[in-house]
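Below is one structure, written out as structure tokens; comments come after it.
Start at 1 and go down the list; that is how both ligands and their atoms are numbered.
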Amino acid sequence: MSQSGSPTGARLLLKRLRNIMAQPGTPQARLDQIVRIIAGDMVAEVCSTYVMRAGQVLELFATEGLKQEAVHNTRLRVGEGLVGDIASHARPLVLADAQHHPQFAYRPETGEEIYQSWMGVPILRSGRVLGVLVVQNKTRRHYTEEEVETLETVAMVVAEVIASGKVVNQAELAPEEGIAVVAMRLDGTMLAPGISKGIAVLHQPDITITQLVAEDPLKEIERLDEAMGGMKLALDEMLATSEVAAGGEHREVLETYRMFAEDRGWASRIVEAIETGLTAEAAVQKVQNDTRARMREITDPYLRERLADLDDLANRLQRHLLGQADIQQPRDLPDETILVARNMGPAELLDYDRKKLKGVVLEEGTATAHVAIIARALDIPVLGRCNDLMAKVLPGDPLIVDGDNSQLYVRPPEDIQQTYAEAMRQRSERQQAFAAIRHLPAVTLDGVEVTLMVNAGLLIDVPQIEAQGAAGIGLYRTEITFMVAESFPDVARQRDVYKRAMDASNGKPVTFRTLDIGSDKVLSYWQREPEENPAMGWRAIRISLDRPALLRQQLRALILGAEGRPLSIMFPMVAEAWEFDEARSLLKLELDRASQAGQQLPSEIKVGAMIEVPSLYFQLDTLLDRLDFVSVGSNDLKQFLYAADRGNPRLADRYDNLAPAMVKLLGMIAAACNAQGKSLSLCGEMAGDPIAAMALLCLGFRQLSMAPTSIGPVRAMIRSLDLGRLLSYWAELQARPVSDLRSRLLVFARDHGVAL
Ligand code: PEP
Ligand code: MG
């Protein structure tokens with residue numbers, strides 16, 4: 001129907017718009033001309049531009065087809081009506097029958113009741129919505145995908161008109177009116193622990209594209225090829241030299257990122273955009289806008305993360321196109337820099353001076369995001385999922401990142417700054433104190449010894465055994481290796497990781513937990529049917545038993561990786577005794593196979609089950625005989641005991657680990673294991689909470705595995721505790737069950753000088 005539904009048509013339209021941009025005229029006159037040309041070109045009766053004004057209001061600024069008296073009068077809030085919906089989601093909307101759409105907000109002054117079909121796209125610049133561009137037709141018609149694309153391309157030109165000034169007051173285009181002086185606190189999600197303070201540096205300062213439309217597509221494609229080549233070379237260089245890239249999975253993370261640069265789909269989408277008449281840099285930006293819109297739609301954390309990598313790559317490519325590849329980082333980074341970004345890729349983080357980088361805050365991001373994995377390895381706190389971060393933080397703002405409490409303070413007032421300065425001082429003092437006792441045994445004042453182990457998931461975590469003075473690794477989450485890989489790691493790759501983990505542990509025990517995928521642990525390369533309740537769905541040992549080849553390969557890799565050393569393996573999410581039996585029989589098959597092949601067998605094998613599903617407790621009486629050890633996964637155990645999603649922030653504080661039912665169940669598990677002299681540990685997060693650890697000692701636990709940073713506080717607690725005394729107090733408490741066990745234990749600790 002319209003001539004713009006083809007690359008040539010789009011190119012002609014862009015050319016006409018470029019002519020308008022080249023002529024003198026006020027921005028308002030330009031907008032008026034632009035809507036007229038678009039309407040004519042797209043054979044639409046209406047074309048309108050809405051511009052974002054202060055207070056998150058979209059104002060009709062120019063229209064061809066709607067009543068002129070509506071211009072500067074019709075206003076919609078973000079989220080209100082179809083226009084507001086586009087602005088809030090930053091994605092296009094196409095409707096054959098707009099009038100009957102539930103979101104349609106009728107504005108009589110526009111006279112739009114006679115138009116049925118509707119197509120709108122966001123006007124985006126540097127990821128921010130500056131307005132909305134709409135076309136309408138009287139008849140019901142379906143706009144094609146090409147037409148949507150064309151309108152998106154045109155919207156980029158409109159974005160330049162708006163951003164170039166004088167359309168609205170420049171101050172209105174600032175992230176949010178009047179916020180520059182206001183202090184605020186934003187809630188987020190801790191992606192890497194720690195507290196730090198510093199000055200906000202926007203990770204991607206706006207890249208301004210001055211040239212949107214190009215005369216010669218072939219020349220632009222040449223420029224693109226050249227920039228792509230330069231970017232790939234620079235990435236290879238980074239891979240070869242980066243300090244983090246040297247270690248195991250970290251290299252894999254960066255290699256995965258590097259592979260995107262070879263993604264043909266990505267490159268060809270950019271070329272297509274060039275063919276519509278855009279310059280190479282505008283084409284990259286257009287594809288980037290699409291990626292960002294997709295990111296907003298996709299809920300799958302792993303896919304979002306991949307799109308985020310792609311987004312970063314686009315920025316990188318942009319800088320190569322604009323000849324700014326070497327100056328992407330402000331030369332004069334503040335000594336204490338806090339990076340602020342919508343999202344960032346792992347390689348981007350490594351671009352910054354490690355010594356000056358004190359923290360990272362992201363508007364998006366998940367715990368498994370590549371950037372979070374790298375940041376944890378570098379010991380930099382990261383806060384993610386900070387809503388509206390990019391709109392609320394300005395470059396140069398003083399920030400405090402409190403990863404431990406999942407909060408960000410923006411322009412904190414003096415008293416908060418002092419409180420945090422004090423907290424950071426105490427923290428570093430405590431860390432020094434923990435470091436000083438790290439080689440002392442974890443023994444109570446009355447001589448009860450407790451084994452403290454660390455939880456790990458990446459090779460970079462293994463040296464924490466030594467750093468924290470731990471007895472070994474009580475939980476090695478093998479799925480992390482799978483999660484950061486690009487495809488299923490084969491036996492050789494897995495064997496290499498397990499071997500290196502054992503090598504690096506210097507003879508201290510490592511307990512490998514077999515693959516616990518499913519639920520929130522998603523593998524990008526394994527497309528699965530969506531599940532309504534993935535946490536209770538097909539996951540962990542259920543997958544391993546239904547896809548025995550997967551488990552057998554892993555067991556084979558573990559046997560090979562052990563190279564004759566002792567091997568300890570545990571199975572996650574066992575709900576019924578037969579599941580453990582079946583998994584163990586697969587292990588036996590692999591051991592037989594290895595022995596027939598003349599391979600070296602582990603000198604000793606210990607096989608255990610995690611108790612994460614309450615049903616397993618009721619089968620311990622018959623199962624314990626066949627187990628070498630039991631490890632309680634309190635994170636999942638609590639989730640299933642209370643039917644409370646462990647990832648739901650609304651429920652995070654609702655059920656305490658020390659609530660009566662949880663304590664009772666833990667006590668029953670410990671009693672059952674101790675009665676049979678069965679090795680027992682607990683490796684969920686509660687092990688690292690000193691108060692909860694006091695309760696666990698009373699219940700009979702003597703082995704705890706936790707995040708490395710928790711070892712110090714738990715060791716200090718143990719070394720200052722008289723367990724006999726606590727047990728007398730505990731017995732009193734048990735005589736009449738209490739619902740405020742945590743505060744009772746806190747009182748005991750305070751009264752008896754227990755270090756917390
Ligand atoms: C647990 O559930 O407590 C546990 C240790 O396993 P994960 O946190 O990996 O599910
Ligand atoms: Mg678990």
Side-chain donor-acceptor contacts of residues 697-706 below 3.5 Å, not counting sequence neighbours, with atom names and distances?
| residue | atom | partner | partner atom | Å |
| --- | --- | --- | --- | --- |
| R702 | NH1 | L697 | O | 2.9 |
| S705 | OG | V454 | O | 3.3 |
| S705 | OG | N455 | OD1 | 2.6 |
| S705 | OG | G474 | N | 3.3 |

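Considering backbone and side-chain N/O of R539, none are found under 3.5 Å from N/O of ligand 1. Considering backbone and side-chain atoms together, S634 places an N or O closer than 3.5 Å to an N or O of ligand 1. When only interatomic distances are considered, the shortest N/O to N/O separation between E479 and ligand 1 does not fall below 3.5 Å.
Counting atoms of ligand 1 from 1 in the listed order, those under 4.0 Å from a heavy atom of R513 are 6 (O), 7 (P), 9 (O). Distances below 4.0 Å separate heavy atoms of L475 from the following atoms of ligand 1: 5 (C). Residue D636 approaches ligand 1 through these ligand atoms, each under 4.0 Å from one of its heavy atoms: 1 (C), 2 (O), 3 (O), 10 (O).
The shell of residues lying under 4.0 angstrom from ligand 1, judged by heavy atoms, includes R646. Residue contacts with ligand 1: Q639 is excluded, as none of its non-hydrogen atoms falls under 4.0 Å.
The closest approach of E612 to the Mg ion (ligand 2), by N/O/S atoms, is made by OE2. For D636, the N/O/S atom at the shortest distance from the Mg ion (ligand 2) is named OD2.
Neither the backbone nor the side chain of L637 has any atom closer than 4.0 Å to an atom of ligand 1 (non-hydrogen atoms only). Looking at E685 against ligand 1, nothing comes within 4.0 Å, counting heavy atoms.
Rounded to the nearest 0.5 angstrom, L186 CG and L383 CG are separated by 8.5 Å. For the atom pair L551 CG and L587 CG, the distance stands at 8.5 Å (nearest 0.5 Å). A distance of 11.5 Å separates CG of L560 from OH of Y498, quoted to the nearest 0.5 Å. To the nearest 0.5 Å, atoms NZ (K678) and CG (L620) are separated by 10.5 Å.
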task: Begin from the C-alpha positions of R626 and D581 and carry the test salt bridge (charged side-chain N to carboxylate O under 4.0 Å, His left out) through to its verdict.
output: CA-CA 8 Å; R626 279 122 66 201; D581 293 334; 2.5 Å; yes
task: Kindly indicate, with the supporting measurements, whether the criterion side chain to side chain contact (heavy atoms under 4.5 Å, CB included) is fulfilled by L721 and I718.
output: CA-CA 5 Å; L721 173 73; I718 291 170; 5.7 Å; no
message: One pair to check against side chain to side chain contact (heavy atoms under 4.5 Å, CB included): L389 and E364. What are the steps and the verdict?
response: CA-CA 9 Å; L389 175 75; E364 313 214 326; over 6 Å; no
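Screening L616, I541, V607 for a side-chain contact (heavy atoms from CB on, under 4.5 Å) with F580, the sole residue that qualifies is V607.
None of the N, O or S atoms belonging to D516 lies under 2.8 Å away from the Mg ion (ligand 2).
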